[in-house]
S.K.: 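First, the structure itself, so that you have it in front of you.
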Amino acid sequence: MWNERQIPDEPIDVLVPPQSRKKLNSKLADRKIPIHYSRLIKKTTDFCKTAYNLDWTSYHRLSNIYAFLTYLNTTYPRLVQLINIGSSYEKRPLYVIRISSSPSPGTRPAIWIDGGFHAREWISPAVATYIIQQLVEVPANAKLLSNVDWYIMPVVNPDGFKLKGYEYSHTRDRLWRKTRSMTSNPACRGVDPNRNFGYK
């Protein structure tokens, strides 16, 4: 039961597994108790929805991923800090999420995880956001926060991930990989982001 009856003849909400529906129908019919399945199913669906539009059974667009990070930052302010580390070539924000039970950044060892370097590798941001969700919203994982800080950047290449990259790889070119920056050759746009660092 999801709510207790306060007054006689007031409706109550119950959650019943699908395999028990026939049995419930029979018992209610014997007692002449009406039931409104459509209302119950809608309430069940609403109850089970998360506060963000993200799951780990499909791939999501950049706006959903950023909304998820913003939600966690707002909902868990003592645990989560959303850090804007700059802008991409096409002026999209670059976000890192810090997950820590310590109020002082930089005082403990850190673990860095990134994803979304290549637009065509859709699984990468999904794995990064799943790790974030597990660290923040699953109480059994609190021990993973006891002596380290986590820094996770689920989308390193938002330009490649967004309109002309990740979105582009969804709608036009499934194998698009690079960023969207201009190069000396206009016909060859973008660079491979994880092979574009200086070295000594």
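Predicted model, so just to flag it, every value in this text is computed and none were measured.
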S.K.: Give me the atom names and distance for the closest heavy-atom approach of M153 to Y95.
M.R.: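 Answer, listing the atom of M153 first, then Y95: CG-O, 3.3 Å.
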S.K.: How about OH on Y130, more than 12 heavy atoms from neighbouring residues, nucleotides or ligands closer than 6.0 Å, or not?
M.R.: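 Not more than 12 within 6.0 Å, no.
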S.K.: How close do Y151 and P105 get, counting heavy atoms only, and between which atoms?
M.R.: OH-CB, 4.2 Å
S.K.: Under a 4.5 Å side-chain heavy-atom rule over Ile, Leu, Val, Met, Phe, Trp and Tyr, are L79 and I113 clustered together?
M.R.: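 The answer is yes; both residues are in one hydrophobic cluster.
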S.K.: Check whether K143 reaches the backbone of A140 with its side chain - one donor and one acceptor, N or O, closer than 3.5 Å.
M.R.: yes
S.K.: Rounded to the nearest 0.5 Å, how far apart are CG of L69 and CD1 of I97?
M.R.: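 Interatomic distance, L69 CG to I97 CD1, rounded to 0.5 Å: 5.0 Å.
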S.K.: Give a yes or no answer on whether the side chain of H60 reaches the backbone of D55 with a donor-acceptor pair at less than 3.5 Å.
M.R.: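 Yes.
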S.K.: Has the side chain of S26 got a donor or acceptor atom that lies under 3.5 Å from a matching backbone atom of K23?
M.R.: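 It does not hold such a pair.
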S.K.: Keeping the roles fixed (side chain from W122, backbone from G116), state whether a donor-acceptor pair exists under 3.5 Å.
M.R.: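 A pair under 3.5 Å: no.
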S.K.: State, to 0.1 Å, how close P125 and V155 come at their nearest heavy-atom pair, and which atoms those are.
M.R.: CB-CG2, 4.3 Å
S.K.: Test your reading of the model: is there a side-chain donor-acceptor pair from R92 to the backbone of N157, 3.5 Å cut-off?
M.R.: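 No; zero donor-acceptor contacts below 3.5 Å.
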S.K.: Heavy atoms only: give me the nearest E137-L72 pair and the separation to one decimal.
M.R.: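 Scanning both residues completely, I find the closest heavy atoms to be OE2-CD2, 3.9 Å.
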S.K.: Taking the side chain from D159 and the backbone from E90, do they hold a donor-acceptor pair closer than 3.5 Å?
M.R.: yes
S.K.: Nearest heavy-atom pair of S102 and D149: which atoms, and what distance?
M.R.: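 It is CB-OD1, 4.2 Å.
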S.K.: Assigning hydrophobic clusters by single linkage (Ile, Leu, Val, Met, Phe, Trp, Tyr; side-chain heavy-atom cutoff under 4.5 Å), is Y66 placed with Y89?
M.R.: no
S.K.: So how far is it from D114 CG to I152 CD1, rounded to the nearest 0.5 Å?
M.R.: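 Going from the CG atom of D114 to the CD1 atom of I152 covers 10.0 Å.
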S.K.: Could you go through residues 80-87 and list every donor-acceptor pair under 3.5 Å that involves a side-chain atom there, pairing it with any protein atom two or more places apart or in another chain?
M.R.:
residue : atom : partner : partner atom : Å
N84     : OD1  : G86     : N            : 2.8

S.K.: According to a hydrophobic-cluster definition based on side-chain heavy atoms being under 4.5 Å apart (Ile, Leu, Val, Met, Phe, Trp, Tyr only), do I123 and L62 belong together?
M.R.: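 In one cluster: yes.
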S.K.: Has R108 got a side-chain atom pairing as donor or acceptor with S146's backbone, closer than 3.5 angstrom?
M.R.: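 Confirmed, R108 side chain pairs with S146 backbone.
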S.K.: How many angstroms lie between OG1 in T129 and OH in Y59, if you round to the nearest 0.5 Å?
M.R.: 11.0 Å
S.K.: Return yes if some donor-acceptor pair links the side-chain N/O of S101 with the main-chain N/O of L145 below 3.5 Å, else return no.
M.R.: yes
S.K.: Looking at every heavy atom in both S124 and G115, which two are closest together, and how far apart are they?
M.R.: OG-CA, 3.0 Å
S.K.: From I99 CD1 over to W150 CH2, what is the distance, rounded to the nearest 0.5 angstrom?
M.R.: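 Reported value, rounded in 0.5 Å steps: 8.0 Å.
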S.K.: Go through it in stages, so that I can follow the logic: the residues are V127 and W56, the test is side chain to side chain contact (heavy atoms under 4.5 Å, CB included), and I'd like the CA-CA distance, side-chain angles, deciding distance and then a yes or no.
M.R.: CA-CA 8 Å; V127 171; W56 291 271; over 6 Å; no
S.K.: Report yes or no: do Y71 and I65 belong to one cluster of Ile/Leu/Val/Met/Phe/Trp/Tyr joined by side chain heavy-atom distances under 4.5 Å?
M.R.: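 Yes, Y71 connects to I65 through the hydrophobic network.
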